[in-house]
Colleague: 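One structure is given below, represented as structure tokens, and several questions about it will come after.
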Amino acid sequence: MDYNFGEIEQKWQAYWADNQTYKVTEDSAKPKYYVLDMFPYPSGAGLHVGHPLGYIASDIYSRYKRLQGFNVLHPMGYDAFGLPAEQYAIQTGQHPAITTQDNIARYREQLDKIGFSYDWDRELRTSDPDYYKWTQWAFIQMFKNYYDTQLQRAKPIARLEGHFRMRGTENVHAATSEPMEFTAEEWNMKSDKEQQEILMNYRIAYLGDSIVNWSPQLGTVLANDEVSEGFSIRGGYPVEQKKMRQWFLRVSAYAERLLEGLDELDWSDSLKETQRHWIGRSEGAVIHIPLPESDAKREVIDEEDSSYSEAGQALWEIVKNKQLGFKLKRDYKIGDNTVPFVNLDKGVIIAIETDAFLTSEEKDEHIVTQSKLKLGGFRILSFTQSEILADPIGIGQQIKDYVESVPAADIPVSEEIGGDVIPVFTTRPDTIFGVTFMVLAPESELVDQLTTPEQQEAVQNYIAQTKKKTELERISDQKVTGVFSGAYATHPFTEEPMPIWISDYVLAGYGTGAIMAVPAHDSRDYAFAKHFNLPIIPLIEGCDVSEESFDAKEGIMINSDFLNGLTVEEAIKRAIEEIDKKELGYSQVNYRIRDAIFSRQRYWGEPFPIYYKDGMPYTLSESELPLQLPPVDKFLPTESGEPPLARAENWVSEDGYPLETSTMPGFAGSSAYYLRYMDPNNNLMLVSQEANHYWRNVDLYIGGTEHATGHLVYSRFWNKFLVDLGISCEEEPFKKLVNQGMIQGRSNFVYRIKNSNRFVSLNLKDQYDTTPIHVDVNIVHHDVLDIEAFKQWNPEYKNAEFILEDGKYICGWAVEKMSKSMFNVVNPDDIVDKYGADTLRLYEMFLGPLEQSKPWDTNGIDGVHRFLRRTWALFHTNDSFRVSDEEPNLTELKTLHKLIQKISYDIEHFSFNTSVSAFMICVNELTSLKCNKRAILSEMLICLAPFAPHITEELWSRLGNDKTIFDAEWPLFNEEYLKEDTFTYAISFNGKVRYTLEFSADTDKTEIEETVLNHPDSQKWIAGKTPKKVIVVPKKIVNVVL
RNA sequence: GCGGCUGUGGCGUAAUUGGUAGCCGCGCUAGACUUAGGAUCUAGUGACGCAAGUCGUGGGGGUUCGAGUCCCUUCAGCCGCACCA
């Protein structure tokens, strides 16, 4: 009787479905085990042979755990929101929901053929309103909470509001994007809207202005992990930097918990390192670098002055009495200076300059005055007297336009930014005496305030230039660029003046967007100093900074006043103490991780449960959830550039307020899906406490490394937030994580002789001038081309001629990405049809270590298939099923127990490739022993069942069992059967093995030594020399040292 | 530039974790059987050598009685991060 895998696999897949074999319920009598696959995005191309690799591994593990008596949760679903379906919709008008539905159906069909043990009753789709209701719900909670930095957890925003009402910002410990200070009195004076605006800076889900990755082609913003080297990961479109108002998630507040949590996780070191780097904790200090004394503080004293110039008088006629629509004050005293006109709401000064300065002193004084005013946060608009006299009305209009374009009073800048100090973050406070200049990021708010008039133009040119650069150019362009601002800061210890430069090697988004440059000990500062010829002061004894900087954190300090003679480590501590004492700053921990941008200007995503009233966002009530995606006429932005949802009719809340038009990004739906599987049909909450406390978290998570910094960070963040809310009971969502390697394609080539229709076989191609052409791997077997199939494959080759070697056409091959254009895509369905699911499963595992990337090479699959047929043959004699009830002998038991031991160990260590090889060894041995004894075969079947569930079910039932093999018990390994009476020692001389000798297992060392030395075979190697030493390692080796 | 990983037959890989390198499979060679095939079975298969034997885990060096395994160095390939002060 043949091994008819097609029939067997269909039969058992139907049986499992009919009998709900894989349905799982919370059963407190059994220990739980939760095995999760990263759910797929159902793309139009369907699954290729690489996708199931991780699913097969997790399926083996699930089935193994089940056989060991665990209650195993092993669910599957779809990450169904996303760009491809929407792009397809834009092109075809087909609604993404339909495309997605079709793709899911295809995926399901393909998955079912492979015979997975998923509990499909728990299937979920992120695009299903019943599911995304809970994504929206979680967002609302994030909006309603802030992060308490002292308690290190989320707390209701109402609590913070109460604090502000009672005590202002005094003793507030809250993560925020805009540090500010106010008293309770000031808070209570504010309007509701002002209060809401302040609270927005504390919410975990907040609206904020930020420079974002904007893709014009995609018409949306992207998260940092969705962008690589200036291009979008999906689609490869260019990405530019743009300032926009967006929703954010305050992931940065959780930085420390995200970092600490990594320690306890059973993840690969490389993945943990990637996350640590992404979080980027660095300890250091914020130092306040003083600017020269500024007397442009906002102590404005109205002081009428009647000495008007002619031009001033002319302008006054135009601007007085709110003729412009706002008030300009005339002859205002600010600090020591009187300015001609000033608008106090927006902090704009209108300066009138003489056409020509009489002396250079006069000019200098003018510049100093302007700088001081700018330091105070004012904007200055200058006109010369003759300009005003020529066209006072035109100038009036210019003033009007300018003042209106300026945002409302951003003047009372917080004390840290742009008061009289520049705050900088450094991890090397020990190098403070080596600071010879300062550098600001071009985007820094200080640039405007500090740039002196005569540097104005150069600075503006520079900024325009850096803005033009794409992210890619900025990275790849290693040239040193920068411009002097004209301003100076004062060294906090030496009080030396230090020039302030502007350069794009300083990032606006990290630290304070300003640095103190220590060229001797930082390579970037060094390059900059060399390029612009700035001083370099070495600070470490014996270091040579003539060619390059000395970046290592080691050595003894010199040229550093009170730090001299200390080691770097000591100096860091000492410097911070001194900075503290002198109140020049404070120690601080900085994180690289940024808040996640959470808006996408897209259709196919979760709508935000947000409406706007009076320009401020408010959340919908829970009863209004889910807020379903509305129908739209087109899936494109509106003519005015608003997201597609703005096209929806009646896109308003129940009370008639306009709803948010952007949607959530891809990672929203995948952030808490593992919790939903625990309780997928609950319509009262995301997950019930009972279900959550039973399943807790994922014991084993299998998926690709591409999610290392995206999904796996956001998901951990999201879970920690839900822990704070008391929804999730485990601080970490995924205890153990295994990354399966990528399956690459293995392409085949034929070699066409140039300008002909002739093809030459691989090893003869060097004799001709040829072009390699990709050929469909499905018409090539063991690199031999099926010539007839090739002729039919493409009409162009119908009359092709071939130059063969040994009567065959041999193709070349290469490892490439698996893609349609390379004709190297192998479909799992085809493999299943041809060899069966069990063969596919075993072969995918046999290909190599799970975590290793490898090309799909169908060449070895016959070997695995033959193994299954030999397994089948063990149970059959002359075409009929026949097993013996005889007692097994010791040899047979040894073979079996070797297998049990090996397979148990291998599965625990995810070494599935070696398991397959162990099965082959076992079946080969049993075949040569002609063993068909029930006792041996049935236990072997249980071991094989996780790997090849269909054939084992069939044979199991033929053995007379009426329940599924997965209700059996994993066999126990018995060491007794593996005990050997003798051991064969390898006898080596000077480390080289020469012959072997068998000893009984309990022979003692001296006896072995004696026997070896007296053995006739040894004489040849000893050859008259005296053995210096004989090393006998029991059950290992004997080595004679000569 | 920084961080991580990997280098073993013609190919995919294995090696009880410092103890006989090459298990298992593919391919290849020879043979058996045969309504001739991409079927099945048997034997062989790291290289050199008639052989005894010698050489062999990217290269070089070291530790050790003994190294694919540990250390140093160097080369090659892959992946991640990329001016993070």
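Below, chains carry the letters A, B, ... as their sequence lines are ordered, and counting in each starts from 1. A quick note: this is a predicted structure, and the numbers were derived from the prediction, not measured.
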Colleague: With the side chain of A/R592 defined as its heavy atoms from C-beta on, choose the nearest nucleotide among B/rG19, B/rA85, B/rA82.
Modeller: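 So the nucleotide nearest the side chain must be B/rA82.
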Colleague: For the side chain of A/D595 and the backbone of A/S252, is there at least one donor-acceptor N/O pair under 3.5 Å apart?
Modeller: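 Looks like yes, one N/O pair under 3.5 Å.
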Colleague: Can you pull out every salt bridge (charged side-chain N to carboxylate O under 4.0 Å, His left out) where at least one residue sits in residues 914-924 of chain A? Sequence neighbours excluded, please.
Modeller: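 Applying salt bridge (charged side-chain N to carboxylate O under 4.0 Å, His left out) to every pair that reaches into residues 914-924 of chain A, excluding sequence neighbours, yields nothing.
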Colleague: For B/rG1, what is the paired nucleotide under Watson-Crick or G-U wobble rules, both distances under 3.5 Å?
Modeller: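 Partner of B/rG1: B/rC81.
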Colleague: On RNA chain B, does the nearest nucleotide to A/G513 precede the nearest nucleotide to A/T996 from the 5' side, or the other way round? Give the residue.
Modeller: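 Taking each residue's closest nucleotide, the earlier one in sequence belongs to A/T996.
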Colleague: Would you mind telling me which of B/rC65, B/rA82, B/rC55 lies closest to the side-chain atoms of A/V1041?
Modeller: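 Closest nucleotide among those given: B/rC65.
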Colleague: Is there a donor N/O on one and an acceptor N/O on the other, under 3.5 Å, for the side chain of A/H781 and the base of B/rG38?
Modeller: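 When only heavy-atom distances are counted, A/H781 does reach the base of B/rG38 through a donor-acceptor pair under 3.5 Å.
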Colleague: Consider the side chain of A/L507, meaning its heavy atoms from C-beta on, and name the nucleotide among B/rC83, B/rG38, B/rG19 that approaches it most closely.
Modeller: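 The nucleotide sitting nearest to the side chain is B/rC83.
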Colleague: Identify whether NZ of Lys or CZ of Arg in A/R994 sits under 6.0 Å from the centre of the six-membered ring of A/W1021 and within 45° of that ring's axis.
Modeller: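 Yes, a cation-pi geometry holds between A/R994 and A/W1021.
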Colleague: Determine the Euclidean distance between corresponding C1' atoms of B/rU57 and B/rG46; express it in Å to zero decimal places.
Modeller: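 So the two C1' atoms sit 11 Å from each other.
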Colleague: So what's B/rG18 paired with, Watson-Crick or G-U wobble, going by both distances under 3.5 Å?
Modeller: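 Partner of B/rG18: none found under 3.5 Å.
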Colleague: Quick one: is B/rG25 close enough that its OP1 or OP2 comes under 4.0 Å of any side-chain N or O from A/R866?
Modeller: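 A/R866 to B/rG25 OP1/OP2: no side-chain N or O under 4.0 Å.
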Colleague: When both hydrogen-bonding distances must be under 3.5 Å and the geometry is Watson-Crick or G-U wobble, what is B/rC41 paired with, if anything?
Modeller: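 The answer is B/rG31, by the H-bond criterion.
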Colleague: For B/rA76, give its Watson-Crick or G-U wobble partner with both distances under 3.5 Å, or none.
Modeller: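 In the structure as shown, B/rA76 has B/rU6 as its Watson-Crick or wobble partner.
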Colleague: Going by purine N1 to pyrimidine N3 plus the second Watson-Crick contact, or the G-U wobble pair, all under 3.5 Å, which nucleotide sits opposite B/rC24?
Modeller: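 By the stated definition (distances under 3.5 Å), B/rG12 pairs with B/rC24.
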Colleague: Taking the side chain of A/Y835 as heavy atoms from C-beta outward, which of B/rC65, B/rG38, B/rG4 is closest to it?
Modeller: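 The closest nucleotide is B/rG38.
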Colleague: Return yes if the base of B/rC65 and the side-chain atoms of A/N1039 contain a donor-acceptor N/O pair under 3.5 Å, otherwise no.
Modeller: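 Such a pair is found, so the answer is yes.
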Colleague: When you match A/P849 and A/V864 each to their closest nucleotide on RNA chain B, which lands nearer the 5' end?
Modeller: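 The 5'-side residue here is A/P849.
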Colleague: Indicate yes or no: does A/E980 engage A/K894 in a salt bridge with an N to O separation below 4.0 Å.
Modeller: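 Result for this pair is yes, salt bridge flagged.
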Colleague: For a quick test of reading the model: is some side-chain N or O of A/N924 closer than 4.0 Å to OP1 or OP2 of B/rG25?
Modeller: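 For B/rG25, OP1/OP2 do have a side-chain N/O of A/N924 under 4.0 Å.
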Colleague: Partner of B/rC70 by Watson-Crick or G-U wobble geometry, both contacts under 3.5 Å, or none?
Modeller: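 Paired with B/rC70, as far as the under-3.5 Å criterion goes, is B/rG62.
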Colleague: Quick one: does A/V1041's side chain get under 4.5 Å of A/V1030's, heavy atoms only?
Modeller: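 No - every pair of side-chain heavy atoms lies 4.5 Å or more apart.
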Colleague: Quote, to the nearest angstrom, the P distance that separates B/rA14 from B/rU8.
Modeller: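 That atom pair is separated by 11 Å.
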